[in-house]
Participant: 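Next up is a structure, given as structure tokens.
Here the structure is a predicted model, which means the values were calculated and not measured. First the proteins, then the strands, lettered A, B, ... as listed; each starts at 1. What's counted below: heavy atoms across the whole structure, side chains too, no hydrogens, waters or symmetry copies.
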Amino acid sequence: MARENIYQPFEVFYERVDCCPLQNRLFNFFEFVFVISGEGYHIVNESKNSLKEGDLYLITPEDTHSFDLTSLSEFLVIRINTEYINQYNGINHLESVLYYASHLATSIITDSEDKELVKQLAHCLVQTTQHPKTYNCDLQRQYINAMMIIATRNLTSYTPQQLESKDERILEIVAYIQQNIYNLKQLTAQVIGDRFGLAPSYIGSYFFNQCGETMQQYITSYRLKLLKHRLLFSDYRIGEIAQEFYFTDESHANKFFKKHEGLSMSAFRKAQRKL
DNA sequence: GGGACTGGTCGTGGTTATCT
DNA sequence: AGATAACCACGACCAGTCCC
């Protein structure tokens, strides 16, 4: 399988192609792909979705992706290394939120006003690649940061695939859980019940009926996903990561991790980094 | 010596079945 | 939709061991 690397904080380029230049690529970076024009399909891992003008895709370092194009298509490609994202100070745990987009073959922008904003940003970025001028690199940096912020606010309102309910309240509850995933004290049945006007005693069965899994299962699997990413893409010590996720200590974090993954956090990190 | 890991106890809070 | 109660899983805390 082809593997691509970048050796600078970010890269921006315009592509006009009628077939995907590389199939099933693996990255060491995050990649935003904006569809300027074209028709075909976007394939991430095993998931295939039709693409359309104005879509913005996010491919994480764990994804393999490719395009199956049926016409001449134009793309704006933005590659950002994990170090750049880790050092971004504007949004807490930005890389974890972006990482959550893993496996999404669909556009990550769901808000109609944001779609327009992304389109304008993409247009500006294309211009910087086609007309080299002084400070273009600094300009690109600002545009990319704006793009990341818009992507993040759309991703934080992303709902699980199992969630087929049209009940707006459950969508709000899921979004609330995602926003407060680092603060479990805000995720008790009492707090959520008070906030969304449901009896704490009823929250459990309500969530299960709407989502097909218990609220605790959902919170646990989401935390695990973020925790695994933190282990893989940061050099923080186990204790520091445990603290970040509001575990009382690494002992507790390790117990939690081992129970669900079958190996300790450090063993997981070692095993994954050998691959 | 510091970081990583294990195991035990206890209290809290979530799940679930049942009922109104 | 919501309340109740029993059960049990989880989190907090602590003591101790292992290992680089």
Participant: Just by modelled atom types, is the A:Leu56 backbone N or O under 3.5 Å from a matching donor or acceptor in the A:Ser107 side chain?
Facilitator: yes
Participant: Rounded to the Å, how far apart are A:Phe257 CZ and B:dT6 C1'?
Facilitator: 17 Å
Participant: Among all residues two or more places apart in sequence or in another chain, which pass the side-chain hydrogen bond (donor to acceptor under 3.5 Å, both in side chains) test with A:Thr128?
Facilitator: A:Gln140
Participant: Is a donor on one side and an acceptor on the other found under 3.5 Å between the side chain of A:Asp55 and the backbone of A:Val33?
Facilitator: no
Participant: Does the protein touch nucleotides 14-20 of chain C at the base, only the backbone, or not at all? Give it as B, S and - per nucleotide, heavy atoms under 4.0 Å.
Facilitator: B------
Participant: For each nucleotide in nucleotides 13-20 of chain B, reading 5' to 3', give B when a protein heavy atom comes within less than 4.0 Å of its base, S when such contact involves only the sugar-phosphate, and - otherwise.
Facilitator: -SSS----
Participant: Do side-chain atoms of A:Asn145 reach the backbone of A:Gln142 as a donor and acceptor pair under 3.5 angstrom?
Facilitator: no
Participant: I'd like to check the salt bridge (charged side-chain N to carboxylate O under 4.0 Å, His left out) partners of A:Lys119; sequence neighbours left out, ordered by chain and number.
Facilitator: none
Participant: Go through the structure and list residues passing ring pair (Phe, Tyr, Trp, His ring centres under 6.0 Å) with A:Phe10, not counting sequence neighbours.
Facilitator: A:Tyr84
Participant: Who passes side-chain contact (heavy atoms from CB on, under 4.5 Å) against A:Glu113, sequence neighbours left out?
Facilitator: A:Asp111
Participant: Using the ring of each side chain (for Trp, its six-membered ring), is A:Tyr57 parallel, tilted or perpendicular to A:Phe67, with breaks at 30° and 60°?
Facilitator: tilted
